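Just so we're clear, the structure is a prediction, and the values are computed from it rather than from any experiment. Convention: sequence-line order gives letters A, B, ...; per-chain numbering from 1.
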There are 2 protein chains.
Amino acid sequence: MNRAAPSLPAQATQVGLAVDVAAFAMHGGELQVLLVERGELPHARDWALPGGFVQPGEELHEAALRELRTETSVDLEPRHLEQFYTFGALGRDPRGRVVSVAHLAVLPHGTVRVTAGGHTVGAAWQRAHHPPRLAFDHQAILDRALGRLQLRLEYANLALEFLPDTFTLPELQTVHEAILNRKLDKRNFRKRLLAQGNLVPSGERRSGVGRPAQLYRRAKNVRSAAL
Amino acid sequence: MNRAAPSLPAQATQVGLAVDVAAFAMHGGELQVLLVERGELPHARDWALPGGFVQPGEELHEAALRELRTETSVDLEPRHLEQFYTFGALGRDPRGRVVSVAHLAVLPHGTVRVTAGGHTVGAAWQRAHHPPRLAFDHQAILDRALGRLQLRLEYANLALEFLPDTFTLPELQTVHEAILNRKLDKRNFRKRLLAQGNLVPSGERRSGVGRPAQLYRRAKNVRSAAL
DNA sequence: ACAAAAGTGTTGGAAGTACACCCATGA
DNA sequence: TCATGGGTGTACTTCCAACACTTTTGT
C-alpha cells in the first residue's frame, strides 16, 4: 500500500454520477414497473424511472435505495437490488455528461402504496411491457431490465418475491407468465416447480370462483432470490 | 423535447469516470489476460488491467478501445468489447472517487505483440486464472470478467474468436477448457460442436506429432461472437 | 514397433414439451 | 346443473454425461 494519496489527475473527466432503478411488482396479474412523473426540467411532466444523482460519500446501491425511498416512498433492502448496466452515452442527458448506473429491483409482495416525493410530482405503477413514453434513455434501460429479470427467473426462484407468504400454484404461474410475457403449460409448470422441492403445501386452501386451490409456502431452507 | 438545456444541478456529485478492460487471448493452451505494469502512483509497479479516465466527448467504449491501444498497442474493433459491470465503491481509488465501467474484450487470434505505452512501463500476457497481485480492485474485476466469459461461451460461439480461420477440433476444445478451467470429454465435445452445425471441414489436415487432425473453419452464416 | 494424438458410438438418466380430461366448489 | 377455475399423467424428444478402443501418422 502506498502512503501517498495524490488527487485525481487533470485529465480525469468529471461527470455527473447518477443511479436509476427499474423496480418491478405484480398487480392484477400483470408485471408493473414503478415510474415517477418528473417535476423539473429537463423532461418535466414526462415519466421516468426513479433515480438521481449519487451523493458524495454514498455507495451506488445506497444512492439507488435512497432515490427510491425519497421519490416513491418505497423502502427496500439491499438484497432486492442488483446493478445490471451502466448508461453513459454522450447526449443522453441534455444538462451535460451524466453516467447512470442502472439497478434492477424486485419489490416484495404488498408494496403497493407509492407517493411522490423529492423532485417528482407523481409516482405510479405502470405496465412494464407497455409503459408510457419515458424520459431520457429510460426506455432502453427498462428494456434491458426486463431482459435481466427474465434471465433471473431461471436461477433464483425470483417469482416468489412477488407473492405473499402463502400463495397458490396458479398465482405463481401467473407471475412467471407476466415476467416472460407468454403463456405456460399448467401441467408442466406444476411438475417443474414441485419437483424443485422449494414449495410445501400449507394444508389450507383458498376458495374463489371455481375449485379451491391448495396454498403453498416456500420451504424453510430456500434462500430468497439472490439478485 | 425541451429547448432548455440547464446545466447539472448543484447536488450532482462529480466523479472521475474511468474504464478498465479485461482482454483475453489464448496462448500456449492457457487463457491469458492482458495486464499492464503501472508507472505512476498509486500502485506504481503493480500490475493492473489496462484502463484509464474517459475523456470529454468520448463514449465509454471508445475510451476503452483508446486505453487499450495506447497502453498495450492492441487495436480492437468495438464488436469485441462488452461492458459488463461498473465498480464504484468508495475508497476503491485512493485519489478520490473514481467510478470504473469495466469491459470484457476477446482478442482475435494472433494478437500477441503488446508494447507498453502511455503511463505504463510494461504490458504482458498473464495467466488469467493465476494472475499476479493486482492494483486497486482489479482482482474483483477480473473475477467477474472470467465469470462473464464463461457465460458467453454457452450462447455465442465465443471460442472461435480465439482461433485462426482454420483450426482443429482438439484446438477448439483446448480453448473451451481454458476458459472453463476444467477438462471436457472429447467425444461429447465433438458431438455437441458438430451437431451445432457451425463448423465445416476444410478438407485439409494438420500434421503434428500424432495422427493428423482435420481442419475446420466456421460456416459461412455464423455470426462472429456477439459480445 | 512404438509413441502420440485423433477419431469414433452407445447407453442411461434428466429435463422439457405436447397434449385432454376429471374434480371441487359456488351460484 | 352448470359455469369456473384447480388439478392430474403419459409419451416423446432432446440434451447431457459416462465410458474405452481403434486409427493414423512420425520416428
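In this structure B:Glu154 satisfies the salt bridge (Lys or Arg N to Asp or Glu O under 4.0 Å) test with no other residue, sequence neighbours excluded.
Nucleic acid contact for B:Arg192: sugar-phosphate only, since backbone atoms but no base atoms lie under 4.0 Å from a heavy atom of the residue.
Taking a cutoff of 4.0 Å between a charged side-chain nitrogen and a carboxylate oxygen, B:Arg69 and B:Asp75 qualify as a salt bridge. No salt bridge links A:Arg182 with A:Glu177; every basic N to acidic carboxylate O contact stays at or beyond 4.0 Å.
With rounding to whole Å, B:Phe189 atom CZ is found 16 Å from D:dC15 atom C1'. In this structure, the CD atom of A:Gln214 is 12 Å from the P atom of C:dT25, given to the nearest Å. Summarising the geometry, the separation between CG on B:Leu193 and C1' on C:dA6 is reported as 15 Å, rounded to the nearest angstrom. Note: CZ (B:Arg190) to P (D:dA17) measures 18 Å, nearest angstrom.
Using a 4.5 Å cut-off on side-chain heavy atoms (C-beta onward), B:Phe162 and B:Val106 make contact.
Between A:Glu161 and A:His80, the side chains place a donor N or O and an acceptor N or O closer than 3.5 Å (distance only, hydrogens not considered).
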Protein-proximity profile, nucleotides 18-27 of chain D, B/S/- by nucleotide at the 4.0 Å heavy-atom cutoff, equals BBB--BBBS-

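Residues from residues 170-184 of chain B placing a heavy atom under 4.0 Å of any atom in DNA chain C, listed by number, are B:Pro170.
Residues A:Val101 and A:Gln83 share a closest heavy-atom pair of CG1-CG, 3.4 Å.
Classified by interplanar angle (parallel below 30°, tilted 30° to 60°, perpendicular above 60°), the ring pair A:Phe84/A:Phe87 is perpendicular.
In this structure, the separation between CD on B:Glu67 and NE2 on B:His103 is 11.5 Å, given to the nearest 0.5 Å.
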